[in-house]
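Right, one structure below, let's go through it.
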Number of protein chains: 2
Amino acid sequence: MSRQPENRKPATSVDVARLAGVSRATVSHVLNGQTEKFNADTVERVRSAAAELGYVRSTAGRALAMGRSDLVVVVVPYTTFIRLQDVIEVLSSDIAELGFSMVVHFSMSRTKEETPNRLLHLIETLRPAGVVDLGGVSRRELDLIEKTGCAVLPRKLHFDVNHWIGILQARHLHSRGYTELVYAFLSDVRDDPYGRSRSAAVTEFCEAEGLTAPIHVHVPIEPEGAEEALKTVLEQRGRPVGIACFNDEVAVAVVFAAKRLGLSVPGDVAVIGAEGAEIGQAVSPRVTTVKGDVPAAVRHIRYLLAQTFGGPAPSDGIPPQEDAYSILPGETT
Amino acid sequence: MSRQPENRKPATSVDVARLAGVSRATVSHVLNGQTEKFNADTVERVRSAAAELGYVRSTAGRALAMGRSDLVVVVVPYTTFIRLQDVIEVLSSDIAELGFSMVVHFSMSRTKEETPNRLLHLIETLRPAGVVDLGGVSRRELDLIEKTGCAVLPRKLHFDVNHWIGILQARHLHSRGYTELVYAFLSDVRDDPYGRSRSAAVTEFCEAEGLTAPIHVHVPIEPEGAEEALKTVLEQRGRPVGIACFNDEVAVAVVFAAKRLGLSVPGDVAVIGAEGAEIGQAVSPRVTTVKGDVPAAVRHIRYLLAQTFGGPAPSDGIPPQEDAYSILPGETT
DNA sequence: TTGTATGCGTTATCAC
DNA sequence: GTGATAACGCATACAA
């Protein structure tokens, strides 16, 4: 059974119907799971005929008839993700499990994003079942997309993950006694939405605690640039200083820049990273970081997907997203 | 112009035809660029009508009529890519430029891959224009896919990039005087096709040069595990030893494990990484690595895409792929 | 419980 | 040059 046909054209529902001795409509119904209202005999005949012919529903025909496709567009923000592979791998698997296919769209820099909008065009031409927003969809785009009737998945970010990460970083530094805080962006061409949220959270924390507003630096991973950036920080803030970094690579760059400058870590310079990259734990000193549990974080989206498209929801309920993030203490704070 | 309609249903070619006062066929022809054989006047009327209505061709209808969709499936192998974001970002942009959309498929472990095959099913149901193989397509899958009439992009790997990386690593270590070689895989659940090619190349190099066959170790990024793995290596090979690592994270883990064990780098243990991760250059000592130029490497695929689907080819011709990879000398060899 | 008829939006073939 | 018209493969309201 399930023998692939040698002939060129793939089997259609007509072929299945003919072989099973029923009508196309019956085939369609049975194969879409409306199996209750048919003779067990009929169902079986249809199924084995389909298997025999290696029949696979054409998404094109299906999409045309239904008005929307089996595609889910995942919008990746214009930022640098250490865990991107993990995230889209898990998402892809969740999406596939619900019978959809994932198409990935990369946002561009806000300033560079042309109009008419690439994302909107993609959605108009693909008519996807839904859009999963990893943080790359602007307010304006969101409105436009929803006007097309397409579901945008984290509908409203009840909870801004990046804001939370920034708060965790600032709170940790503060709890370790640092009162002069700095936010270190990854120096890059990107104008990064994640970095914006995280640094805004640090600023907010300082306000709430009555600390001086944190300064911002852009730190390249490359050694000379990192040293330069760190020197600037010390000129402006003296020491000790606590630096919340965009990610663990920035954190590592800062830590090693400090060492080369003869500064003590965490005595003069305390450093906390984000995203919990494994590499931060392999070096000495191990960097303190905000570790995110990718599967747990993505489970939230999986839940929304299932809810929206009627698939099987994760049995273990939906945990609060805060729980997916925690401080991983290292030797740099 | 280009005002988005407030009403629910998106405009179809019928609407455009009506507004332009022509037939659907004319709309289709004009919008597909067959503009030569029509009155300039007609062409203009059609175009402005389309713009006026915010008309966007439905990929579903198009796919149905043409027998294949405007999708390109990118198959990501079951491995850990430091540069995955860069690679699929560039690919996505190239693919979009040719008028296609990218759907990403992640291969699973060879042993875990179920039959019937996920990839094949995806292709049968999506009927994509083509498949871009980043190294995740098995020989068997390739045959099956091509039997469906779908183009698989690097048709035949004239040139195995990973083999080349392994050769570069081994050659470099040898040129620095190391004769006892080791290949360090990333310790992971993955049975990684990239690692297999690279380590095979190292073995091959040793044979060709009359060196002892290299041993294989699996190194976790985490410190204790890395130390354990390194100890095993030294027991089996003594020192000095040259270690070719799967990527720069493994290299960093090995370097710091060596330091913690009181070994000198590169005196006792020489280390070379791969993929040229920025982080490897931020730490001290900077790791020697095989740096890949992602845009250059992907340009090869872009060229093939353009050739296959008739888009604009890169003007600067197609450079040999070897040129995209080079030794970036650090302080660990 | 099963079949008939129709519509979905596009492209292609062939008349005019 | 331009316009009818027929596929393309599927889903579904409705008829039987």
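These numbers come from the heavy atoms of this one structure, side chains and all, not from hydrogens, waters or symmetry mates. Every chain is numbered from 1, with letters handed out A, B, ... down the list of sequences.
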Completion exercise
dist B/D133:CG -> B/H105:NE2 (nearest 0.5 Å) comes out at 10.5 Å
Practice task
Using a 4.0 Å heavy-atom cut-off across all strands, classify B/T59 as base, sugar-phosphate, or nothing.
Solution key: nothing
Problem - Ionic contact status for A/K147 with A/D143, cut-off 4.0 Å - result: no
Practice task
From the options C/dT10, C/dT11, C/dC8, select the nucleotide whose nearest atom is closest to the side chain of B/S58.
Solution key: C/dT10
Practice task
Specify the residues of residues 19-28 of chain B, ordered by number, for which at least one heavy atom lies under 4.0 angstrom from an atom of DNA chain C.
Solution key: B/R24, B/A25, B/S28
Exercise for the section: Check whether any side-chain heavy atom of B/V137 sits under 4.5 Å from a side-chain heavy atom of B/I145, and report yes or no. Expected result: yes
Problem - Heavy-atom side-chain proximity of A/L122 to B/S101 below 4.5 angstrom - result: yes
Fill in the blank from the handout: chain A vs DNA chain D, heavy-atom contacts under 4.0 Å, first-to-last nucleotide span, 5' to 3', is D/dG9 to D/dT12
Fill in the blank from the handout: Distance col, row A/D192:CG vs A/F81:CZ, nearest 0.5 angstrom, shows 9.0 Å
Practice task
Flag the pair A/S107 / A/E141 as yes when at least one side-chain heavy-atom distance between them is below 4.5 Å, and no otherwise.
Solution key: no
Practice task
Calculate the interatomic distance between B/Q34 atom CD and C/dT11 atom P; express it in whole Å.
Solution key: 10 Å
Completion exercise
Note: A/P128 and A/I123 closest approach over all heavy atoms is CD-O, 3.4 Å
Problem - Rounded distance in Å - CZ (B/R62) to C1' (C/dA12) - result: 13 Å
Problem - Below 4.0 Å: OP1/OP2 of C/dT10 and any side-chain N or O of B/R57 - result: no
Fill in the blank from the handout: One should read off an interatomic distance between A/I88 CD1 and A/M102 CE, to the nearest 0.5 angstrom, of 5.0 Å
Problem - Whole-Å distance separating the NE2 atom of B/H29 from the C1' atom of C/dC14 - result: 11 Å
Practice task
Nearest 0.5 Å please: distance from the OH atom of B/Y194 over to the CG atom of B/L134.
Solution key: 4.5 Å
Handout entry: Rounded interatomic separation in angstrom, taking NZ from A/K37 and P from C/dT2
Key = 11 Å
Exercise for the section: Decide if atom CZ of A/R24 counts as having more than 12 heavy atoms of other residues, nucleotides or ligands within a radius under 6.0 Å. Expected result: no
Exercise for the section: Measure from CZ on A/R18 to C1' on C/dG3 and round the result to the nearest Å. Expected result: 16 Å
Exercise for the section: Five pairs at each end of the helix from C/dT1-D/dA16 to C/dC16-D/dG1: take the axis at both ends and give me the angle between them to 10°. Expected result: 40°
Completion exercise
Distance col, row B/L304:CG vs B/L153:CG, nearest 0.5 angstrom, shows 5.0 Å
